[in-house]
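All figures in this text were calculated on a predicted structure; none of them were measured in a lab.
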Amino acid sequence: MSVRELEAFLVREFPQAFGPGKPHHVVSVGRKIATVRLDADDSHLRPGGTISGPAMMTLADVAVYVALLGQIGPVGLAVTTNLSINFLRKPMPGPLFADARLIKLGKRLAVGDVGLRGPGSDDLVAHCVATYSIPDRPAA
């Protein structure tokens, strides 16, 4: 799926997170990779002025989902079965990027890892590994 196709699917299926005025945006998608941006606003901050853990976990989860859909197409019922995240440093308020790659893409399971970083930086603020269950799909 292209960035445009993914955005259209996500706006339709997840209007709470994608679409005009919403915080998540697909930046790029390629072979087993994707980058998703969170435009973190005050609702994503925790005391101390940093982006909250739940907001970062959501971004990481969405990024793996986008990388997966980029490979298998619009399978809305692909679901997270496991997600583990390590918070490495405080992210500054503002945009946050999640660079996801699929490290295993099987018939029923996919495993991806994600690095979260601020704009213009390669320094990770968090690292995540997620597993997705892929439902049976009709034969093409």
When you look at L96 and R37, which way does the side chain to side chain contact (heavy atoms under 4.5 Å, CB included) test go after all the steps?
CA-CA 6 Å; L96 190 63; R37 183 182 79 238; over 6 Å; no
Any chance you could lay out the side chain to side chain contact (heavy atoms under 4.5 Å, CB included) test for L102 and V111, step after step, and finish with the verdict?
CA-CA 6 Å; L102 298 179; V111 179; over 6 Å; no
Show your working on side chain to side chain contact (heavy atoms under 4.5 Å, CB included) between V125 and M56 and close with a plain yes or no.
CA-CA 9 Å; V125 299; M56 289 190 279; 4.3 Å; yes
Would you please test T58 and H24 for side chain to side chain contact (heavy atoms under 4.5 Å, CB included) and show each step?
CA-CA 10 Å; T58 300; H24 294 92; 4.1 Å; yes
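Ion pairing between R117 and D99 holds under the 4.0 Å rule for side-chain N and carboxylate O. Taking 4.0 Å as the cut-off between side-chain N and carboxylate O, R108 and D136 count as a salt-bridged pair. Note on R101 versus D113: salt bridge recorded, some NZ/NE/NH1/NH2 to OD/OE distance being below 4.0 Å.
The structure places CZ of F97 at 10.0 Å from OG of S28, a figure rounded to the nearest 0.5 Å. One distance of note links NE2 of H44 with CG of L38; it measures 5.0 Å at 0.5 Å rounding. Interatomic distance, T131 OG1 to L109 CG, rounded to the nearest 0.5 Å: 7.0 Å. Taken to the nearest 0.5 Å, the CG atom of L116 stands 9.0 Å off from the CZ atom of F87. Taking CG of L68 as the start and OG of S133 as the end, the distance is 10.0 Å to the nearest 0.5 Å. We find the CG-CD1 distance between L59 and I85 to be 8.5 Å, quoted to the nearest 0.5 Å.
By the 4.5 Å heavy-atom criterion applied to side chains, V66 and L10 are counted as neighbours. Using a 4.5 Å heavy-atom cutoff, the side chains of V36 and H25 are not in contact. Side-chain contact between M57 and C128: absent, with no pair of heavy atoms (C-beta onward) separated by less than 4.5 Å. The shortest side-chain heavy-atom distance between T50 and P91 falls under the 4.5 Å cut-off. Side-chain atoms of V29 and S2, non-hydrogen and from C-beta on, never get closer than 4.5 Å to each other. Looking only at side-chain heavy atoms (C-beta outward), V64 and Y132 come within less than 4.5 Å of each other. Contact of the R89 side chain with the D123 side chain is registered, since non-hydrogen atoms from C-beta on lie closer than 4.5 Å.
What you find for A100 and A67 is that their closest heavy atoms are CB-CB, 4.3 Å. Residues Q16 and P23 share a closest heavy-atom pair of O-CD, 4.5 Å. Residues K32 and Q71 approach most closely at N-NE2, 3.0 Å, considering heavy atoms. Closest approach of A110 to L105, counting heavy atoms only: CB-CD1, 3.9 Å. Closest non-hydrogen pair, V114 versus A98, comes out as CG1-CB, 3.7 Å.
With V26 as reference, V3 is the one residue of L69, V3, T35, V62 to meet the side-chain contact (heavy atoms from CB on, under 4.5 Å) rule.
In terms of hydrophobic clustering, with Ile, Leu, Val, Met, Phe, Trp and Tyr side chains grouped at heavy-atom distances under 4.5 Å, L124 and V27 are assigned to different clusters. Under a hydrophobic clustering in which Ile, Leu, Val, Met, Phe, Trp and Tyr are joined whenever their side-chain heavy atoms come within less than 4.5 Å, directly or via other members, V129 and V79 fall into different clusters.
Note on ring orientation: taking the six-membered ring where Trp is involved, the planes of Y65 and F14 are perpendicular (angle over 60°, cut-offs 30° and 60°).
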